[in-house]
Amino acid sequence: MGRTVRTRIAPSPTGDPHVGTAYIALFNYVFAKKHGGDFLLRIEDTDQTRARSDSEEAIMTSLKWLGLSWDEGPDVGGPKGPYRQSERREIYQAHAEQLLERGEAYRCFCTPDRLAALREEQRLAKGRMGYDYHCREIPAEESARRAAAGEPFTIRLKMPKEGTSVMQDLLRGEVRRSFEELDDQVLLKSDGFPTYHLANVVDDHLMEITHVIRAEEWIPSTPKHVRLYEAFGWEAPVWIHMPLLRNPDKNKSKISKRKNPVSLAFYKEAGILPEALVNFLALMGFSFGDDMEKFTVAQMVEVFDFEKVSLGGPVFDLDKLNWLNGLYMRDLSEERLLEEIQAIWLNPTYFAKLLPLVQNRMKNLNDFIDQTAFFYNVELAYEGADGAALLPKGKTQKEMADALMGAADAMDAMESWSVANIEAALRALAEEKGLKIKELFMPVRVAISGRKASPPLFESMEALGRERVRFRLRKAAEYVKTLP
Ligand code: GLU
């Protein structure tokens, strides 16, 4: 009898939960359930410099919203925990030691300065890039002595210097890569933290993952992982690399937040139902059969097979998502419809944020509707004199499109979403772009409210939320280019 199927999603908590994470989670979930197996959530948070504190929670909330629940994970526990990599550091250290003992890895004492000089030399010589094996032949006793004396080191995996790495991918067949292109990978950094490669492979093995289903962008890492399994003497999982989601543009570029909203929170706020969004993600590469486009996750589980997944770059097309969502909307009971609308718009928390912003601007109660309409819309029309205010006198369309895009990026880059941080980021941006405060703030005001006069700007942006603000700034950047 074969092993129980176990799959996982292993997101890094570096920002807002991404549609790509939900897409990969869906296929892992469905495959595990199809085979009566387990689906795990593991948080890959070893890169402390990139981790954002609120991100883990947000990932879990979004996956739950979509109904993709896990059998084991940081919140629910399980027999193979902990499920957060930052809590598993000793495990990785012990495994790196194990590879040293097996002669499959070695300590590298090269300083960051030496490595930088090496890179520069290689760049000028236009030859092979990568580590030059300088420490690979240091005798074991000398290596141990230097480590004991406190000399800093990393641990590197010995890769073959020639030959070809071969990986069997369930969807792609053989994927080959010449070892000459592959470096002796660092497994453990000098601060004792593992790299992605070591932590990922050790965890997949210890958590008994049978099928690694992940995005195509990880293919370049897989030869290193295959080699690691071999070095440990472990059986490797089945590899399945799903096609990347694409923007609906001419070159079908990889989906990116510069072109499309990619955060799950955005779609929730844009009024998309969770069952429509998972259904839409399922259509990215999977065909149900009989041209069926509308189906539930439970139905997908019943018929799922990787034979029904094709690799032709699936296009993340918002029109299609909206169409599908419309079908689901029609099916909702009145009760659920009311519940959903109340949950996103007519809830006391949101009202409590908006009321103080508009109270002084209202002459009667009905003004509430007019004053707050922009808080409820997804897209705005920038018309007439208001639209024209996106382009201050003496500025070019290109300059302002660039400034508005810059504002969208600055909103993304900030750690926590607060009134003070929004204001600081916009002031810094004005300075950077050589704009007067008014020359930036007025266009931003129009971009987010559709009008020249609005409730207090930064507070309004905070209430609107990061994703809708980014979406509007991007739209305004496009619009400003079309102004006469
Ligand atoms: N931490 C990686 C990510 O952020 C995991 C990739 C994998 O599934 O191996 O997606």
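Fair warning: this is a prediction, and the values are worked out from it, not measured in the lab. FYI, side chains are in, hydrogens and waters are out, and symmetry mates aren't considered; it's all heavy atoms of this structure.
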Closer than 4.0 angstrom, basic N to acidic O: yes or no for [X] and [Y]?
X: R42; Y: D204; answer: yes
X: R474; Y: E478; answer: no
X: R227; Y: E230; answer: yes
X: K80; Y: D38; answer: no
X: R214; Y: E44; answer: no
X: R8; Y: E72; answer: no

Self-check item: Listed partners of T21 passing side-chain contact (heavy atoms from CB on, under 4.5 Å), at least two apart
Solution: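 For T21 the side-chain contact (heavy atoms from CB on, under 4.5 Å) partners, ignoring immediate neighbours, are I9, P11, H18.
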Would the [X] and [Y] ring centres measure less than 6.0 Å apart?
X: F27; Y: Y23; value: yes
X: H211; Y: F31; value: yes
X: H225; Y: Y196; value: yes

Exercise. Go through the side-chain N and O atoms of D203 and Y92 and say whether any donor and acceptor fall under 3.5 Å apart.
Key: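 Per modelled atom types, D203 and Y92 side chains form a pair under 3.5 Å.
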Quiz item: Does the side chain of T222 pick up a donor-acceptor pair with the side chain of H241 at under 3.5 Å?
Solution: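 Result is yes, a qualifying pair exists.
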Quiz item: Counting heavy atoms not belonging to K189, are there more than 12 under 6.0 Å from its NZ?
Solution: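 Buried by this count: over 12 neighbours within 6.0 Å.
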Practice problem: Please work out whether the ring planes of F295 and F286 are parallel, tilted or perpendicular, with thresholds of 30° and 60°. | Solution: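 Perpendicular, since the angle between the ring planes exceeds 60°.
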Exercise. Evaluate the ring planes of W345 and Y350, with Trp represented by its six-membered ring, and classify them as parallel (under 30°), tilted (30 to 60°) or perpendicular (over 60°).
Key: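 Tilted.
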Quiz item: Can you tell me how far the CG atom of N325 sits from the CD atom of E275, to the nearest 0.5 Å?
Solution: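 These two atoms lie 8.0 Å from each other.
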Quiz item: Has K320 got its NZ or CZ under 6.0 Å from the middle of the six-membered ring of F280, at an angle within 45 degrees of the ring axis?
Solution: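 No, K320 does not lie over the aromatic ring of F280.
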Without swapping roles, check the side chain of [X] against the backbone of [Y] for a donor-acceptor pair under 3.5 Å.
X: E462; Y: V419; value: no
X: R128; Y: Y131; value: yes
X: R470; Y: M411; value: no

